[in-house]
Amino acid sequence: MSPAALRNTDVIGGVLTLGLAAGVLIESSQYGRGTLLRMGPGYFPMLLGTLLLALGAVLTVRGFKQHAEPITVPRLRPIAFISAAVSLFALTLPVFGLAPAIVLLVVVSACASPVRRPITIGLLAIGLTAFAYVVFVRLLSLHIDVLRW
């Protein structure tokens, strides 16, 4: 690989995807695949590994053909706030319930962006809480307290 290719995000992403796909395919080869009508435990991982392999190949070839954006130094603010938001969600869900955990997740995640829109953040928190309630509590019947005192 040329030094320019090593600084190309598409090439690096494609090579990493190819490596992940190879690992998935190697691991799934130890399980029985079965057929389409009688899928075995290795069928779905093999299918996903194959799709990842194709995606990685396309991404790598595209990276060599086009001049994609070079790798830049990652900004630490988004990484810190998103990590903190996920950690706070995991800590507050069992203590306070689903609704406060999601609101906290959305508010702390919004701090990762330099642009803050309070109305959008509030609507997103309400909408995501309602969506999670419908999907997880009503449809999937998971025993999650929506609000715990």
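This one's a predicted model, so the numbers in the text were calculated from it and none came from an experiment.
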All side chain to side chain contact (heavy atoms under 4.5 Å, CB included) counterparts of [X], not counting sequence neighbours:
X: Leu142; answer: Phe136, Leu140, Ile144
X: Val106; answer: Ile102, Ile121, Leu124, Ala125, Leu128
X: Val134; answer: Leu139

### Qualifying salt bridge (Lys or Arg N to Asp or Glu O under 4.0 Å) pairs with a residue from residues 139-149, counting only residues at least two apart or across chains
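Found Asp145-Arg148.
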### Task
Among Ile, Leu, Val, Met, Phe, Trp and Tyr joined by side-chain contacts under 4.5 Å, find the other residues sharing a cluster with Leu123 and list them by chain and number.
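Ile119, which link up through side-chain heavy atoms under 4.5 Å apart, make up the rest of the cluster.
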### Task
Any side chain to side chain donor-acceptor pair (under 3.5 Å) involving residues 109-126? Give me the pairs, sequence neighbours left out, ordered by first then second residue.
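Residue pairs with at least one partner in residues 109-126: there are none.
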#### Entry: Residue pairs fulfilling side chain to side chain donor-acceptor pair (under 3.5 Å) with at least one residue in residues 126-136, sequence neighbours excluded
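Pairs touching residues 126-136 that pass the test: Tyr133-Arg138.
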### Task
Mind checking the CG-OG1 spacing from Leu55 to Thr50? Nearest 0.5 Å is all I need.
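Separation between the atoms: 12.5 Å.
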Same cluster or not: [X] versus [Y], using hydrophobic residues (I, L, V, M, F, W, Y) connected whenever any side-chain heavy atoms lie under 4.5 Å apart?
X: Val146; Y: Val135; result: yes
X: Leu105; Y: Phe131; result: yes
X: Met46; Y: Leu52; result: no

Show which side-chain atoms of residues 17-29 pair as donor or acceptor with protein atoms under 3.5 Å away, not counting sequence neighbours.
unit_1: Thr17; atom_1: OG1; unit_2: Gly13; atom_2: O; d: 2.7
unit_1: Ser28; atom_1: OG; unit_2: Val24; atom_2: O; d: 3.1
unit_1: Ser28; atom_1: OG; unit_2: Leu25; atom_2: O; d: 3.2
unit_1: Ser29; atom_1: OG; unit_2: Ile26; atom_2: O; d: 2.6

Using distance only, find each side-chain donor-acceptor pair of residues 75-96 under 3.5 Å and give its atom names and separation, not counting sequence neighbours.
unit_1: Arg77; atom_1: NE; unit_2: Cys111; atom_2: O; d: 3.1
unit_1: Arg77; atom_1: NH2; unit_2: Cys111; atom_2: O; d: 3.0
unit_1: Ser83; atom_1: OG; unit_2: Ile79; atom_2: O; d: 2.8
unit_1: Ser87; atom_1: OG; unit_2: Ser83; atom_2: O; d: 3.0
unit_1: Thr92; atom_1: OG1; unit_2: Leu88; atom_2: O; d: 2.7

